[in-house]
Every structure is written in C-alpha cells, then in structure tokens.
4 protein chains.
Amino acid sequence: MTTRRSPDSARRSERSRQAILTAARELVGETGYRKVTIEAIAARAGVGKQTIYRWWPSKGAVILDSILAMSEDEKGEISLPDTGDIEADLRLVIRATVAEFADPAFEAPIRALNSEIIDDPELAATYRERMADPMNEAVRRRLRTARAAGQLAEDADLDLMLEILYAPLYQRWLLRSGPLTPDYADALVDTALRAFRP
Amino acid sequence: MTTRRSPDSARRSERSRQAILTAARELVGETGYRKVTIEAIAARAGVGKQTIYRWWPSKGAVILDSILAMSEDEKGEISLPDTGDIEADLRLVIRATVAEFADPAFEAPIRALNSEIIDDPELAATYRERMADPMNEAVRRRLRTARAAGQLAEDADLDLMLEILYAPLYQRWLLRSGPLTPDYADALVDTALRAFRP
Amino acid sequence: MTTRRSPDSARRSERSRQAILTAARELVGETGYRKVTIEAIAARAGVGKQTIYRWWPSKGAVILDSILAMSEDEKGEISLPDTGDIEADLRLVIRATVAEFADPAFEAPIRALNSEIIDDPELAATYRERMADPMNEAVRRRLRTARAAGQLAEDADLDLMLEILYAPLYQRWLLRSGPLTPDYADALVDTALRAFRP
Amino acid sequence: MTTRRSPDSARRSERSRQAILTAARELVGETGYRKVTIEAIAARAGVGKQTIYRWWPSKGAVILDSILAMSEDEKGEISLPDTGDIEADLRLVIRATVAEFADPAFEAPIRALNSEIIDDPELAATYRERMADPMNEAVRRRLRTARAAGQLAEDADLDLMLEILYAPLYQRWLLRSGPLTPDYADALVDTALRAFRP
DNA sequence: ATATAAACGAGACGGTACGTCAGGTCTTCCC
DNA sequence: GGGAAGACCTGACGTACCGTCTCGTTTATAT
C-alpha cells in the first residue's frame with residue numbers, strides 16, 4: 001500500500017482534498033463553526049464548490065473529516081500506560097483528557113463537531129467509530145487488566161465505569177458548567193474507583 | 001403581583017409574545033430545530049419579523065424561551081420525594097429523567113436547545129440558571145438530607161455526585177451512544193451510592 | 001380672521017403643523033427627495049407619525065405643502081414690470097427664472113416636487129393651481145398688454161407663447177440637457193418675440 | 001458581428017436577461033412604476049433576485065434597459081422624410097410624436113423613466129445618449145437640409161429650434177397641463193417656423 | 001504520444017432566509 | 001380628548017449561501 005488513504009477514485013486530486021480539509025480546519029478555528037460556509041471553504045482552498053459537493057455529503061462531514069485527518073495522523077494503536085497501579089494510570093489519562101479539553105486549540109473544532117453530531121445521527125455514528133471507540137477501547141483494555149488483577153470488583157461493568165469517568169468531564173466542557181482542572185480529574189478517578197473497587 | 005412574567009415593556013403585546021413562543025415550540029416539534037426559521041415562526045404566529053427581532057437577539061433565544069415557557073408552567077418549587085430511603089428516592093427520579101429523555105415529544109426541542117447552547121455561552125448560562133439549576137438544587141437538597149441521615153459519606157461532594165448521576169445519562173442521550181432504560185437508571189443510582197456511601 | 005391660514009380644524013396644533021413643514025423642507029434640502037421618509041420628518045419635527053397621517057394623505061402632499069408654505073409667504077399678487085418695452089420686461093423675468101432654477105437652494109425641493117408630480121395627477125393639479133397658474137397669469141397679463149399695444153400679433157396665442165418661453169427652460173433643467181444661462185434666457189425671449197411679432 | 005448586444009459576460013444567460021426585461025416592462029405597464037419591485041420582477045421572470053442585482057445597479061437601470069430594449073429593436077438609423085417641404089415634414093414628425101405620447105401603452109414606462117431620471121443624473125445621461133440624442137440628431141439633419149435650402153434663416157440655431165418644437169410637448173405631457181392634439185402639433189410647427197424663417 | 005474522459009476552477013443560476021428598514025395602523029399614556 | 005410616543009403587521013430591501021448546473025482547462029490513464 002503506497003498511500004495511507006484509500007483513494008475514493010484514482011482520479012481524485014489529493015491536492016484539493018488536503019486544501020479543503022486544511023481550509024475547513026482553519027476556518028473553524030478562526031470564525032467558529034456556525035459561521036463556516038462551504039463557499040468560504042472552497043474560496044480559501046482555491047477550489048470549486050463542486051469539488052466539495054462531489055466528495056462530501058454535508059458541511060458536517062467535511063468538518064468531521066478535517067478533524068479526523070488531524071487526529072489520525074498521530075495515532076496508530078492507542079494504548080495506556082500499565083504500571084500495575086490502576087489509580088495512577090487512570091489519573092494520568094484523565095488528567096491528559098482534561099488538559100486536552102481545556103486547550104483552546106481543540107475547543108473550536110471539537111465544539112463544532114459536537115454541534116453537528118447532535119442532530120445528525122449518521123455523523124454521530126461515524127464519529128463514534130473513528131474517534132470515540134478507539135479511545136474507549138484503549139481504556140477498556142487497561143480496566144480489564146486491572147479487574148483481572150483484582151483491583152476492581154469481579155463483576156464491574158467496565159462500560160459503565162468508562163461513562164462515569166468521561167461523561168461528567170464531557171458535560172462540564174460542553175455546557176461550560178464548571179472548571180476543568182487536574183483536581184477535578186483526580187476526583188473523578190477516585191470516585192470511579194470507589195464505586196467499582198472489589 | 002398580578003402577572004407572573006415581568007413585562008419587558010409596558011407597551012409589549014403579550015398576545016404576540018405568546019403566539020411567537022407557541023409557534024416556535026410547534027415548529028421545532030414538526031420540522032426539527034435546524035430547519036426552523038425566524039420567517040416561519042413569524043408567519044405561523046401571525047406576527048411581523050420585526051416583532052421577533054425587537055425582543056429576542058437570536059433564534060436560539062426564542063427557542064430557549066419557548067421551551068422554558070413550557071417547563072416553567074409546571075413547576076413552582078420542584079421537590080423530590082423523601083421516603084427516608086435515598087436509594088428508592090433516587091431510583092424514582094433518575095428513572096423519571098430517563099423516561100423523559102426517551103419521550104419523543106421532548107426529543108426535538110431539547111436537542112434543539114442543546115445544539116444552540118454549544119456555541120453560545122450566553123445562552124448556555126441562561127439555560128443553566130432557568131432549567132438545570134432549579135432541578136439540580138432539588139436533588140441536592142435530597143442528597144443533603146441523606147448525608148445528614150448518615151446514608152452518604154460525611155465528606156461526600158454532592159455536586160460531584162450529581163454529575164455522576166446525570167452526566168452519563170445526558171451523554172448517552174446526546175450522542176446516542178447507548179439505550180436509555182430503567183435498568184440503566186438503576187445502575188447509575190447503584191454506582192453513585194456505592195461511590196459515596198459512608 | 002385671526003390667522004392667515006384656514007384652520008383645517010379648530011383643534012389642530014399650528015405648532016406641530018409648522019414644525020412638520022419646516023422639517024420636511026430641511027430634510028429635502030439635506031438628503032434629497034428620494035431619501036426623505038415620513039418617519040424622519042416626524043422625528044425631526046418632534047411629532048408622532050400619526051399627526052402627519054392625520055392631516056396629509058401622502059408624503060408628496062406634505063412636501064408640496066412645505067414648498068408652497070415657503071413660496072406663498074412672499075407673494076400676495078405677483079406682477080411683472082411694465083416699462084412699455086415687452087422685450088426688456090420679458091428678458092428680466094425669464095433671466096430671473098433662469099437664475100432661480102440655477103440656484104442650488106431651489107434645486108432639491110423643486111426637483112422633489114416634480115418627481116412626485118409625475119405620477120400623481122392629483123398632486124399635479126394642486127401644484128398647477130397654487131404655483132404655476134398664478135405665475136403664468138402674471139406673465140399672461142403682461143403679454144396681453146403688449147398685444148393690445150401692437151407689440152405682438154393680433155392673433156397671437158398667448159398660452160402657446162407662454163409655453164414657448166418656459167417649457168424649454170423647464171426641460172433643460174429637468175433633464176439637465178443643457179446649461180441655463182442669461183444668454184439662453186435672452187435667446188428664448190428673442191425667439192418667442194420673433195414667432196409672435198405682428 | 002452576430003449579435004447586436006454586447007455580452008456583458010460570456011457566461012451571462014440571455015434567456016434570463018430577456019425574461020427580466022420583459023417582466024419589468026410588463027409590470028411597469030400593469031402596476032405603474034412606483035409600485036414595481038425588484039422582487040416582483042424576479043418572480044415574474046422566474047429568476048433569482050441576485051441575477052438582477054448581478055447585472056443592474058438599480059431598479060431604475062433595469063427599467064431604463066427594458067424600455068431601451070423595446071425601442072432599440074425598431075430603429076436602426078432613424079431618419080425623417082424629406083419631401084423638400086420642411087413644414088409638411090415637420091408636421092408629420094411632430095404629429096407622430098404627439099400621437100406616441102398620447103398612446104397609453106407608452107404612457108406608463110416613459111413616465112416611469114422620467115420619474116427616475118429626475119433625480120439620477122447618471123441615468124439621465126444614459127437616457128439622453130441612447131434615446132433622446134439619436135432622435136434629435138435625425139430631426140437636426142432634416143433642419144440642416146432645410147436651412148441649406150433657404151427655408152430657414154441662415155443663422156438659425158437648430159438646437160434651440162429643436163427645443164422649441166419638443167419642449168412644450170414634453171412639458172404638457174409630463175405635467176398634464178394641456179391636451180396633446182394634432183392641432184397642437186401643427187401650432188408648434190407653425191410657431192417654430194415663424195420664429196426661424198429667413 | 002496521443003486521445004479521451006474524469007475531475008477540476010470558476011462562477012452563473014433559481015432559490016431561501018437573513019436582518020433591516022419604511023410604510024401605514026393601532027394602542028397607550030400624558031398633558 | 002388631542003397628541004407624542006412607539007409597538008404592531010406588512011412587505012421590500014440588498015446580501016449571503018445554498019446546492020445545481022454548465023463552462024472551458026488540466027491531468028492522468030489507456031490506448
């Protein structure tokens with residue numbers, strides 16, 4: 001395989017594709033999601049509108065792709081540290097998540113994405129498959145190890161535990177209902193562990 | 001005080017105000033939030049567009065108001081049952097919340113609201129003040145009683161407990177990442193109580 | 001009779017009437033006819049819109065009145081000089097008319113008036129009665145004297161002669177199709193006299 | 001040269017252009033100039049408003065164009081009859097002009113045009129170039145021939161004579177200050193010839 | 001190496017909705 | 001009880017984008 005990206009068509013211009021995704025990402029960052037228009041993306045990318053409509057079904061899809069393109073560069077297989085100490089490991093990863101959400105550079109695009117996802121179930125599914133699930137799976141693997149090691153209750157529902165760990169974080173960020181601090185991350189980890197300890 | 005609602009102006013037509021809020025609510029239910037337009041609201045309400053722009057700064061504000069108007073009719077002071085059994089009481093309220101979220105009649109407007117709130121911090125604040133906070137305060141009161149009765153740990157962080165109870169619910173609903181069932185409600189209550197038990 | 005002006009109603013506020021006419025005249029001068037609005041007139045005059053609509057049927061009528069109010073202050077009975085030399089007398093009056101049209105202070109309101117008159121026959125009639133006819137009658141009287149004195153042909157059609165004298169002037173001004181100079185005034189007089197000499 | 005009309009752009013849709021001009025002409029005839037709106041023109045023409053705004057700067061310009069389009073279809077080179085008898089030839093053309101002005105079909109659009117021209121000097125210039133001047137030039141040519149043939153004074157100012165012939169006509173029509181009859185046409189010709197005879 | 005067919009940039013098109021503005025009517029409150 | 005103030009409904013304004021649809025013009029195989 002020569003290119004990482006499956007070519008939707010042999011003819012497709014990689015040049016244009018990249019220009020569009022870059023333009024989309026930049027515009028979301030600059031003007032906020034709501035104000036981004038297909039016309040602006042096309043203009044910034046130096047591309048005809050038709051070229052966007054040819055390959056993406058909606059504005060949301062373009063923006064989702066532009067964010068995925070960014071985050072997929074880094075990944076490969078995500079995996080958590082496993083020091084044997086589940087508390088320490090979780091604190092690390094939840095603190096990192098908190099920091100990421102607090103980063104203004106992530107703010108605009110991710111907020112854009114969520115805005116789009118809310119009333120587009122199809123987009124929501126794509127998002128889950130390509131962004132949330134891989135991350136969740138990595139954490140789930142670590143939790144499984146911990147459970148096997150007797151650090152969590154034998155019957156612990158790991159999916160629920162995942163939700164307990166991440167949902168409050170997500171809600172605070174989305175609704176701006178409270179600050180996202182390392183202390184808060186730690187409190188979440190403590191609470192989750194208390195709920196699911198053996 | 002003769003009217004519940006503070007008149008933004010003595011001149012303001014209550015008739016028009018009601019017609020606008022009703023039209024907004026109906027249209028959100030019928031066509032989905034994204035497709036609702038100011039023009040359609042004005043037309044349905046038999047009102048000039050200017051009358052909307054005169055009193056509301058944005059489409060989101062109209063819709064928020066229309067939903068608040070609906071939910072504020074019912075309230076007065078919200079309060080939870082207090083049977084002395086915190087687990088039973090919480091199950092009741094969380095199950096009710098799950099049911100409410102699952103009700104298609106609530107689906108459209110609340111989803112609309114959240115969509116708008118995501119990138120309008122001001123709207124988000126209004127929403128918190130007038131919808132979320134009163135509800136949260138009611139639950140917080142019940143939790144306080146339970147803590148005083150020794151059913152929860154003395155140092156239990158009740159705000160965090162609130163988040164643990166509601167955020168996973170909210171996330172599942174918003175991202176459609178899982179089913180909302182009575183069992184799920186019970187699982188959340190169990191987990192929260194386990195985490196914060198004495 | 002205490003006031004010069006017939007009171008449309010005993011109740012009518014002369015104060016408001018004057019303020020409205022003044023505001024109208026000023027606004028026409030400042031912003032040009034097309035951009036004058038009833039709202040602006042009301043605001044400038046410190047008057048409710050209704051007070052204008054109560055007493056005038058249209059914007060054109062207000063403006064016609066405002067111009068008439070100005071020009072009727074000065075008049076009484078208009079009459080031309082009669083030196084016995086019809087050529088000299090006509091040159092004087094036509095030159096004066098040319099000068100008046102060339103005066104930028106008259107430009108805006110009169111242009112406004114004509115603009116309104118073109119497609120409002122009723123307004124046109126009022127204008128003729130109260131502005132054009134008195135002026136025409138004055139000139140016609142002088143021409144009659146000249147004809148009686150044998151300075152014009154016995155069968156001269158004085159109404160036609162009036163048109164020959166004034167229409168070219170009016171047309172040049174309205175369509176801006178040529179300069180309005182004293183020489184032009186003289187040329188018109190010469191031509192008219194040549195056409196109607198005995 | 002295959003088409004008479006210079007294409008403002010190769011892209012421009014001649015279909016839309018024609019539809020707009022036709023709709024404009026019809027609407028002016030039906031509802032009067034003042035009440036014609038861009039929206040109505042667009043709707044009648046089956047065209048987006050933007051397509052009008054893209055190619056014309058103002059409502060007046062569209063309507064001027066729509067009238068010009070009509071009158072330019074017929075012309076080519078205008079020329080007057082030359083029977084050798086200047087009086088007969090002028091009577092013919094002035095009578096024709098009178099008849100044209102009296103024709104209700106011309107009434108609405110031409111009145112509309114003049115209404116717009118009064119306070120839009122730019123439009124007035126365009127009007128002169130494309131409608132008035134060609135007509136005037138044709139008459140001026142005929143007058144020149146007559147002067148060369150000794151039927152008019154050697155020093156006759158032909159531009160002035162043109163004004164004497166047409167301005168009274170125009171004024172009567174515009175201000176509705178008198179009837180437009182063949183007799184009136186003849187009287188104008190007689191007067192003009194008397195003023196400029198050798 | 002050349003033909004051919006797609007994808008491309010450009011941008012006009014018919015539309016929808018925007019947010020603003022003025023018109024003319026109706027209502028409220030003050031003097 | 002007239003008049004200022006101004007909210008109301010109406011409807012046009014001119015603009016921004018939508019998504020579709022040609023236009024030539026690359027560009028990249030497939031002869």
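Only a predicted model underlies this, so the values are computations on that prediction, with no experimental measurement involved. Protein chains get the first letters and strands the later ones, always in sequence-line order, with residue 1 at the start of each.
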On a heavy-atom basis, the closest approach of C:Leu21 and C:Val62 is CD2-O, 3.9 Å
Separation of F:dT20 atom P from A:Ile52 atom CD1, nearest Å, is 13 Å
Closer to the 5' end of DNA chain E via nearest nucleotide, is it D:Arg54 or B:Lys35?
D:Arg54
With salt bridge (charged side-chain N to carboxylate O under 4.0 Å, His left out) as the criterion, how do A:Arg130 and A:Asp65 come out once you've worked through the C-alpha distance, each side chain's angles and the decisive distance to 0.1 Å?
CA-CA 10 Å; A:Arg130 298 180 53 191; A:Asp65 252 24; 3.8 Å; yes
Distance in angstrom units between B:Arg15 CZ and E:dC26 P, rounded:
14 Å
Starting at the 5' end of DNA chain F and moving along, which residue's nearest nucleotide shows up first, A:Ile38 or D:Tyr53?
D:Tyr53
With no hydrogens and no angle check, is any side-chain donor or acceptor of C:Thr51 less than 3.5 Å from a backbone partner on C:Val47?
no
Atom pair distance, as rounded to whole Å: CD in B:Glu39 and P in E:dC18:
5 Å
Quick one: is B:Ser13 getting a side-chain N or O under 4.0 Å of the E:dT27 phosphate, OP1 or OP2?
no
Can B:Arg15 be said to sit on top of B:Trp55's aromatic six-ring, NZ or CZ under 6.0 Å from centre and within 45° of the ring axis?
no
Gap between atoms CD and C1', on A:Gln18 and E:dA7 respectively (whole Å)
17 Å
Kindly say whether D:Val36 contributes a backbone atom to a donor-acceptor pair with the side chain of D:Lys59 at under 3.5 angstrom?
yes
Donor-acceptor check, side chain of B:Lys35 to backbone of B:Glu30, threshold 3.5 angstrom: yes or no?
no
If you measure from CZ on B:Arg111 to CD1 on A:Ile118, what distance do you get to the nearest 0.5 Å?
7.0 Å
Using whole Å, what does the distance between atom C1' of nucleotide E:dG19 and atom CD1 of B:Ile41 come to?
14 Å
Report, one pair per line, the protein and nucleotides 23-27 of chain F atoms (nitrogen or oxygen only) whose separation is under 3.5 Å.
{"unit_1": "F:dC23", "atom_1": "O2", "unit_2": "D:Arg11", "atom_2": "NH2", "d": "3.4"}

To the nearest 0.5 Å, what is the distance between CZ on B:Arg17 and CZ on B:Arg12?
6.0 Å
What's the CH2-C1' distance between B:Trp56 and F:dA7, to the nearest Å?
13 Å
Just to confirm, is there a sub-4.0 Å distance from OP1 or OP2 of E:dC13 to any side-chain nitrogen or oxygen of D:Trp55?
yes
Sorted by number, residues from residues 44-51 of chain A placing a heavy atom under 4.0 Å from DNA chain F are A:Lys49, A:Gln50
With a 4.0 Å limit, can you tell me whether A:Ser16 has a side-chain N or O closer than that to the phosphate oxygens OP1/OP2 of E:dG9?
yes
Atom NZ in B:Lys49, atom CD1 in B:Ile41: separation rounded to 0.5 Å?
12.0 Å
